[in-house]
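The next block holds one structure in the form of structure tokens; read it before the comments.
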Amino acid sequence: MMARPQRWDAPFGQDMTDDDVEKLLRQYPISLIDKDKFPQHTPLEGILRNDTRIVRYQAGDIVVRSGDYGNSAFLVLDGTLRVVIAPELPRDLLGRQDVARKGFFEALTQLWTNRRVPEVRDVRRYNRSAMRAGGDSSRSVVFLQDIPAVLDRHQTATLGGGALFGELAALGRVPRTATVFAESEARLLEIRWQGLREIRRYDESFRKRIDELYRENALKVALRETPEFGGLDETDLQEVANSVLFETHGSFDWYISYQRMRGAGKEGAAHEPAIARQGDYPDGVLMVRAGFARLSIALGNGDRTVTYLGAGDHFAMSELYDSWVEGKPAPLRASLTALGYVDVVRVSAPILEKYVFPRLAERPRSPVDASAARALTDDALLEWAVSERFINGTQAMLIDLDRCVRCDDCVRACASTHGGNPRFVRHGRTFDHWMIANACMHCADPVCMIGCPTGAIHRTQQGGMVVINDDTCIGCGTCASSCPYQNIRLVEIRDEAGNVLLDRDTQAPINKATKCDLCAANPGGPACVRACPHDALRRVGFHDDDVFRKRVS
Amino acid sequence: MTERRIRNEPGLDVEAFRHDRSVYERPNARLRCGRASFWAKPCLRGPNADGSCGGVADCQPARGKTGRFECRRPKHLGGPCATGPGPDGACAHHRPPCVPQPTLRTMRGRLALVVFCAVVALVIAFSGAVRIGSAGINSLEPGPLFGPHAGFAPKGACSTCHEAHGGDLSTLVAAFVEPADMTEACTSCHTFAGEARKAHNVSFADRPDLPDVTCNQCHREHLGADADLTAIDDRVCATCHTAPFATFVPGHPAFSPGYPHRRETSIKFDHASHINKHFSDAKVADRAPQSCAVCHDVTTATNAVLPVKAAETCDSCHGSQITQRDIVVFRLPELATSEIDAEAVRDVCGPTLADFERLEERMAAMEAGETMVDEEAEDEEFESVSLDEMAPLASYVLDVDVDDMDAYGEPVQDLVMAMAEEGSVPLAAALEDRLGAPTTALLAGLNPELVKRVACAWAANVEYEPPADPDNGGWFGDYLELKYRPMGHADPVLRAWIEASLAAPDEDERTEMLRETLLDPEEGPGACIKCHAVHDAAADADGPPLMVEWTYHAEGQRAYYFYSHRAHLSLVHPTDVAMSTQEAGCQTCHRLDSAADFAASFDDADPMTFASNFEGIRIETCAKCHAEREVRADCRLCHRYHLEATFKPIMMGAFSQE
Amino acid sequence: MRSFSTTHAVSWVVLGALFAGLALHRDQAEAGLGEPAQITGYVLFALFVALASFNARKRLSMVPLGRARLWAVVHTFGGVFALALYWLHTQSLWPTGTYEQLLAGLFYLVTLTGILGWLMQRLFPARLTQTGLEIIYERIPHELARVREDAEAIVMDCTRELQSDTLARHYFESLAWFFRRPRFILSHLFGGQHGVHWIHQQRLTVARYLSQRETEYLDALTELGYAKLRLDLHYVLQSAMKKWLLVHVPLSVALLGIALWHLVLVHVYAL
């Protein structure tokens with residue numbers, strides 16, 4: 001028996017004192033936050049106390065690395081840092097290393113260490129209170145040895161006291177866009193995203209500030225990576241950046257509305273928040289920053305999904321180009337609706353006409369062009385994948401039921417790599433002879449991470465796999481409820497003797513959330529894929545909509 | 001209403017797998033719900049790892065909102081408890097009966113273990129000679145032995161051949177790693193003219209590098225009672241005989257020229273002249289053979305075809321030729337002077353007819369009163385009754401020239417006188433003296449009385465008058481000759497004389513003459529040499545330099561070859577084909593070569609200067625049939641591997657006892 | 001799938017070359033006074049071990065031992081290869097010795113069950129897919145129980161609402177047998193429609209005695225019956241795809257044992 005874990009049982013920083021919190025409250029820019037707007041159950045002090053920590057960096061230490069997934073933002077308290085704009089630091093300089101995987105023989109020990117009793121936990125581990133907080137908490141700091149050389153070779157920007165960075169990755173659940181390292185000795189306040197979310201939710205000025213930061217820090221980097229704006233010089237780029245508008249569509253907690261809509265039988269583009277409608281006249285091109293949007297055209301009594309747009313995709317480019325060429329407005333040929341939560345930036349038509357269209361060799365392609373030649377059946381799977389939101393998955397478990405002999409070797413393999421416990425259910429939604437099994441898809445937009453009170457569910461630094469830290473999971477089930485695909489399961493844990501652990505007070509079993517971790521700790525990648533003797537199971541990412549077609553042919 | 005009941009797709013309710021409605025399916029579990037296995041409503045949770053039912057949990061006391069203890073149980077473990085805690089604070093236990101059952105995989109594992117153990121147990125249990133009913137079942141049994149072998153190794157007596165059988169563990173372990181020697185076992189019964197472990201049972205002097213062979217390299221056992229242990233593939237031969245051909249046709253080299261007629265035959269039978277000339281002669285038409293098979297018995301022949309007895313063939317024409325040629329052992333030659341005392345003759349032989357006449361004359365004279373002047377005056381001129389030459393045989397025996405009257409006069413008359421006195425004994429003694437060997441065979445059947453009578457006549461200087469002509473042959477006196485007439489083919493006396501002449505110890509001109517006389521093909525006694533070849537037997541150092549081929553001998557010894565004449569008869573039908581027909585019957589293979597100077601090749605005594613009546617056998621002839629698929633053309637059809645394979649004497653005994 | 005056609009091609013080539021090599025060796029050994037069955041015997045035994053290790057690989061899925069698909073392909077091809085190799089080794093279809101006959105019998109049985117299993121694994125998945133239903137094998141008893149409860153509830157509702165036991169009587173006389181557990185197993189296995197026919201017949205039998213309202217209940221019951229048929233089909237086909245291993249695996253183990261015995265015997269007695 002044990003006490004049920006509570007939020008803030010495991011503070012982000014172990015050694016935050018009341019004194020620290022007092023100092024922080026007086027320090028810019030936290031001092032700008034109106035702490036009276038915060039509700040009683042989540043006071044700003046509590047957030048600072050439990051969801052932040054103060055981290056010190058030596059000169060040359062890398063704070064965040066481009067490409068990493070991070071769940072926290074950083075506020076510079078003192079010292080200076082540098083953000084690398086271009087070119088990116090070489091990988092070896094970033095100290096990239098794979099997640100510590102087990103060696104062959106270490107993995108092999110599971111042959112006899114795996115329990116016959118399901119979900120056995122070493123309870124003493126929890127009692128020792130060695131709970132490590134989630135997020136970027138592993139303090140294996142990599143540092144740059146020769147800062148002047150880096151500054152000489154790479155274009156960088158300075159971040160001084162009061163600067164906030166990493167908020168995009170923490171809130172938008174996207175990889176870090178740039179590398180930041182300490183130029184001098186620096187003190188940073190690391191805010192895990194739960195705290196950041198709370199502050200942003202209750203303080204309007206803070207939210208605006210974050211948007212401005214985005215414009216400053218990330219937008220230019222993002223624009224520079226696009227083929228359209230990549231060639232512009234600094235002044236022009238700045239002009240473009242200043243002119244764009246930020247928009248968000250859909251709800252941040254889209255999975256709730258989605259499940260509600262699904263429960264009511266309302267599916268399809270008509271029930272999704274519209275971003276742009278077919279037939280309207282566009283005033284600018286829409287570039288998706290985060291999330292997914294459905295591009296559809298009216299067909300008969302419904303809407304036909306042509307494709308879906310993810311981060312980096314743009315909408316209405318071809319229509320604007322046509323109107324620029326022909327000198328008269330061209331209507332949108334497709335509608336764009338938000339699949340959940342979508343962040344877009346709108347680049348206005350004049351900017352495009354000034355900087356982009358003159359340099360285009362030919363008319364930009366539209367996905368609508370190709371759809372005319374495609375039969376409805378060609379896109380049936382796409383329609384299904386979009387409507388089920390499987391496009392969110394980067395590692396969805398796709399099973400070809402025409403090949404699957406239902407031997408459950410995949411499940412057994414999974415169990416053998418996870419202490420004798422399977423981490424997925426070989427069942428799920430089907431279409432034709434395809435099944436997306438109930439295994440974590442490691443979503444591009446992992447909504448399960450929203451609302452985790454302890455940050456137990458997080459992305460790994462390498463690879464961005466969504467994993468749950470069993471030590472800090474309190475079994476509240478928030479992630480499991482959030483997951484639109486029912487891929488997170490709560491299990492009743494047992495002690496070494498095999499007895500189900502029960503709450504001392506309520507006699508209810510103690511739960512832990514579990515799910516596929518893509519065998520992060522095991523050598524050889526996902527055991528389920530390796531274990532399938534009939535080549536029926538694959539982990540697929542929906543980066544392009546040909547994922548089914550490749551296998552069908 | 002009914003709507004809520006109607007679910008068309010009971011398993012498709014994916015929501016049933018929601019985290020809050022289900023747990024992981026655990027196919028790796030070893031047990032499954034016992035109720036489910038009997039299709040009853042399964043427990044909500046599967047069995048516990050200890051084998052107990054996990055579907056229902058005991059109620060546990062817990063403090064309720066009111067602060068009082070109450071019995072609680074999670075919904076999926078059985079739901080609310082009917083009663084509260086008892087006086088002792090514990091909750092009552094309510095568990096429906098449920099015994100978890102093993103899953104299919106668990107059963108599979110157990111089954112595998114059971115089957116494996118069963119097989120191991122069976123193998124071990126039956127590794128001895130366990131008999132069930134009439135049939136012995138043995139886990140060592142590798143298959144039935146070749147029928148004839150089975151008798152020597154009845155069931156369980158494996159150690160007859162396998163030494164390791166029945167040994168203790170160390171023996172078995174040693175046998176596992178050490179190569180087994182099966183040849184040892186084979187050669188305990190089988191034996192060969194040469195060494196068993198050598199290729200072809202012979203140590204080839206020029207190939208000392210050849211490795212030893214083992215029996216089981218070619219012969220496989222335990223393939224059934226009717227298995228052919230001697231079925232050997234051609235390629236086995238090719239292991240060593242790496243001549244570049246794989247099939248008989250084409251590939252096999254041609255036979256050597258003249259094959260197989262390389263050595264002169266023992267009988268100088270000129271097939272060409274007989275077939276071409278004699279047999280077609282109208283005079284002998286009734287006696288001429290109608291096919292080769294009349295003289296050559298091919299119906300049972302394998303390698304060698306033996307001619308039938310001369311008495312049944314040659315004699316019909318040549319029999320009389322033998323009996324017409326006598327052997328003259330002694331002839332009274334012309335004498336210059338008589339050395340014989342008439343009185344002595346009279347004493348020995350009694351009065352002769354002349355004596356009686358003379359006595360009558362004297363009686364008549366006495367009656368007439370005439371004084372009979374004894375005309376038998378010593379000075380009366382001697383007139384020899386014989387004007388003939390001496391017989392060559394006697395010349396040899398007495399070692400005198402046939403025409404040296406002065407030389408032979410005395411010994412001849414001495415011998416005659418001796419013969420008159422003692423019959424054949426002096427003659428035999430003289431012969432023995434000359435030949436240095438017993439002479440019984442030479443004079444076999446010679447009646448001493450005949451000799452006496454003949455000698456008495458000659459001693460009296462008169463011709464011996466034979467009582468009758470000896471039709472059936474044998475010894476007889478004929479006026480001035482003591483002769484032997486052959487009784488027919490294979491006359492032992494003639495043969496003895498000829499062999500004695502060839503074995504004569506002294507090589508001088510008299511011996512030469514003796515041989516010429518006896519070996520003369522036309523006029524020699526019995527004309528034996530007309531047909532029987534005389535060969536130089538120099539190769540045989542102990543024998544005489546020359547020898548007469550009295551008996552048929554096969555064409556050389558070919559230990560590794562085999563040919564069956566009999567098997568080919570049905571193809572050539574020798575009895576249905578005229579002998580002179582070319583390329584048919586026996587001439588299919590044995591083609592008559594009329595141009596060969598057959599007879600002349602026998603003029604010298606060298607058996608290897610042969611001009612056969614037959615051309616050499618051509619391989620093309622064999623190929624006519626043995627190139628076809630259905631006809632065997634493998635090496636072992638004609639070639640033999642082993643050298644005189646046979647059994648050890650003890651085995652022969654074993655066979656004869658059975 | 002396409003990537004594995006190359007695996008197949010490579011497998012064919014490799015196995016073909018291997019077989020040709022072994023056949024050639026055997027041929028030469030036979031002609032060259034060697035021991036023709038020795039190498040093929042060793043290879044065959046090694047192959048047995050390799051084929052059996054497919055099972056071990058399934059237990060060792062926590063370590064990277066290559067993709068199971070590759071193992072399965074190797075196992076399948078290896079099995080066919082083993083048959084060819086067996087004939088090459090023995091040069092006969094049926095040996096003469098007692099234990100060799102046991103060995104051959106086991107080998108043929110294992111091969112036969114393997115081929116049967118392979119065929120089932122090829123044919124059944126699509127039939128399962130075509131039911132439009134997907135269910136985990138272990139859950140079938142749960143679902144069947146649920147269907148049975150639903151069916152009984154329909155009957156109870158009908159009886160309660162209409163105060164008529166006609167449908168209930170028919171249910172307990174005939175339909176209960178069907179809802180009790182999976183039925184028409186052979187028909188399902190071989191793709192027959194016995195179950196559909198049976199349910200249709202049951203409906204015709206009782207419908208004439210029912211009121212219109214009762215018929216609605218009967219229709220619901222019939223629909224449930226058709227649903228259960230799909231469950232039954234899943235049970236039968238999934239069972240078949242699992243249970244053939246109940247024969248294949250234990251026999252393989254026995255075969256390994258007796259093959260080892262054969263190896264030892266041959267060494268002790270003849271090699």
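Order of the sequence lines sets the chain letters (A, B, ...), proteins ahead of strands, with each chain counted from 1.
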*asked:* Determine whether a donor-acceptor pair (N or O, by modelled atom type, separation under 3.5 Å) exists between the side chain of A:Gln395 and the backbone of A:Met441.
replied: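 No: the side chain of A:Gln395 does not pair with the backbone of A:Met441.
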
*Would a distance-only check, ignoring hydrogens and angles, find a side-chain to backbone donor-acceptor pair under 3.5 Å from A:Lys512 to A:Asp470?*
yes

Residues [X], [Y]: salt bridge by 4.0 Å N-O rule:
| X | Y | answer |
| --- | --- | --- |
| A:Asp495 | A:Arg121 | no |
| C:Arg67 | A:Asp535 | yes |
| A:Arg494 | A:Glu119 | no |

Chain C: which of [options] shares the most heavy-atom pairs with it under 4.5 Å?
| options | answer |
| --- | --- |
| A:Ser416, A:Ala413, A:Cys404 | A:Ser416 |
| A:Asp402, A:Leu108, A:Thr417, A:Leu111 | A:Asp402 |
| A:Ala107, A:Gly525, A:Cys519 | A:Ala107 |

Of the backbone (N, CA, C, O) and the side chain (C-beta and beyond), which part of [X] lies under 4.5 Å from a heavy atom of chain A, both, or neither?
| X | result |
| --- | --- |
| C:Leu128 | both |
| C:Leu237 | neither |
| C:Gln238 | side chain |
| C:Arg57 | side chain |

*asked:* Looking only at heavy atoms and a cut-off of under 4.5 Å, which of C:Arg59, C:Gln121, C:Met241 has the most pairs with chain A?
replied: C:Gln121

_Tell me which of these, C:Ala126, C:Gly66, C:Ala72, C:Ala68, has more heavy-atom pairs under 4.5 Å with chain A than the rest._
C:Ala68

_Pair C:Trp244 and C:His248, ring centroids less than 6.0 Å apart_ = yes

*Determine whether the side chains of A:Asp517 and A:His418 contain a donor N or O and an acceptor N or O closer than 3.5 Å.*
yes

*What part of A:Val411 lies closer than 4.5 angstrom to a heavy atom of chain C: side chain, backbone, both or neither?*
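Neither part.
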
